[in-house]
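Working notes, structure below.
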Amino acid sequence: MRAGTLTQRGGPVARSLRITGSTHLMVAMLSAAVALNGAAAAQALGFTGFVVATAVVFASLAACSAAISVDILRRSGKTVSDLRSIGATSSSISSAIFGSVLAYGALGSAVGGVAGGALGSALAGPGLAMSAVYGVVTVVLASSAALAVGTYAGGRATWRS
Amino acid sequence: MAQLAEQRPVPPAGDGRFSVEVKHVSKSYGEKEVYADLHFQLLRGTFVALAGPIGSGKTTLINMFAGIERPTSGSVTVMGRDLSTMSDDQLASFRARTIGLVPQSQTLIPELTTYENVELPLRFLKVDRDTRRKKTEAAMEKIGIREDANKTVGTMSVGEKQMVSFARALVNDPPILLLDEPTEALDPLMAEVVLGILRGDNMTDGRTIFVTTHDKRITDLARRTLRVGKKIP
């Protein structure tokens, strides 16, 4: 890989905020890890356990994406005011963060969810294939919703402060 | 506290409508009072220069015109809109449509290329891709930096950055251009390019130009010159 390739991705606003390929990779890997564990655990648990596992996945990724959103906005304070001086609104800046976190987070959680579902099925036995599919779909949807909610909440909290 | 004085009489020309109206504006930073009961107007389509010592509040005035800073009291009305009634987001959108700003401190994004920096205001205005490309290329052409389109701004000299900043200020064809010491960081050749643009721009496009400067060539060019009285203690 050519040096610097990771830092060249994304639109101009996202790159202005120093949202690089490394940021995307971090979001994707965190989402994958959480979704993998959630989807795998869901196969070995009953309904209540599955609900708890999904809630843990949601809370973890919402907190994680909110923290990332806050971090991006706070460490780019001068850039944000520079962008605002030429017409950027809070929503145009937030949507650059939102798009990056949601796209790469959803991708990571999908990969992690499928891997976790396969792992859970292998451990729990082949008879649970359909419930594994439902489990994976639920975990991936919960992950994506958590990323969206967390990023939005983190951005909103930072703009208010 | 700074005071404004006319160096030349206000010319009668212009269409009679004001681009900027400053009414009873006071501005303080804590205990330090920069302006008190400031009151004046800028006619639409005129070229006004503001001269005065460093630290006398020239940049503060430009920032209040742009809605970047708010007055402590009083109102600043730009193109008929009272800026004090607008939220931060409304001000940002209003700036994108109405004001071209060349600030004294660099506000370009160093990670982006010249083209991307110049194009940014149009993205915030949600201009379509083809129009963005045409307007961005036209603005770069006007300033003479088209060959630097793919150059990363972080690698440029201060003077080159100033030219990019100038192109970015013109890209949305704003009715008001605010320039804070535009020739200070430029070599003589680049300063001449800027002066040439200012001459032609004001004559042909009829926009209001407000410049803070120490450069006598710019004050000579202006139809009206204001002077800030003294440095703020």
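FYI, side chains are in, hydrogens and waters are out, and symmetry mates aren't considered; it's all heavy atoms of this structure. These numbers come from a predicted model, not from an experiment. Proteins get letters first, then strands, A, B, ... in listed order; numbering begins at 1 in each.
- Residue A:Tyr152 places its OH atom among 12 or fewer non-hydrogen atoms of other residues, nucleotides or ligands, all under 6.0 Å distant.
- Looking at B:Asn63, neither its backbone nor its side chain comes within 4.5 Å of chain A, counting heavy atoms on both sides.
- At most 12 heavy atoms of other shown residues, nucleotides or ligands fall within 6.0 angstrom of atom NZ in B:Lys23.
- Remark: side-chain polar atoms of B:Gln162 are paired, donor with acceptor, to backbone N or O of B:Pro182 under 3.5 angstrom.
- Looking at A:Leu83, the atoms closer than 4.5 Å to chain B (heavy atoms on both sides) sit in the backbone and in the side chain alike.
- When the candidates B:Gln106, B:Glu116, B:Lys126 are compared by the number of heavy-atom contacts under 4.5 Å with chain A, B:Glu116 comes out ahead.
- B:Leu178 pairs with exactly one of B:Val102, B:Ile62, B:Leu61 by the side chain to side chain contact (heavy atoms under 4.5 Å, CB included) rule, that one being B:Ile62.
- Of the two parts of A:Ser92, only the side chain, counted from C-beta on, holds a non-hydrogen atom closer than 4.5 Å to a non-hydrogen atom of chain B.
- When each of A:Ser91, A:Ser90, A:Ala88 is checked for heavy-atom pairs under 4.5 Å with chain B, A:Ala88 comes out on top.
- The backbone N or O of A:Phe98 lies less than 3.5 Å from no partner atom in the side chain of A:Ser95, so there is not a single donor-acceptor pair.
- B:Arg97 does not touch chain A: none of its heavy atoms, backbone or side chain, sits under 4.5 Å away.
- Both the backbone and the side chain of B:Glu111 come within less than 4.5 Å of a heavy atom of chain A.
- Contact annotation: the side chain of B:Val164 approaches that of B:Met156 to within less than 4.5 Å [non-hydrogen atoms, C-beta and beyond].
- With a 4.5 angstrom heavy-atom cutoff, B:Gln90 does not touch chain A via any of its atoms.
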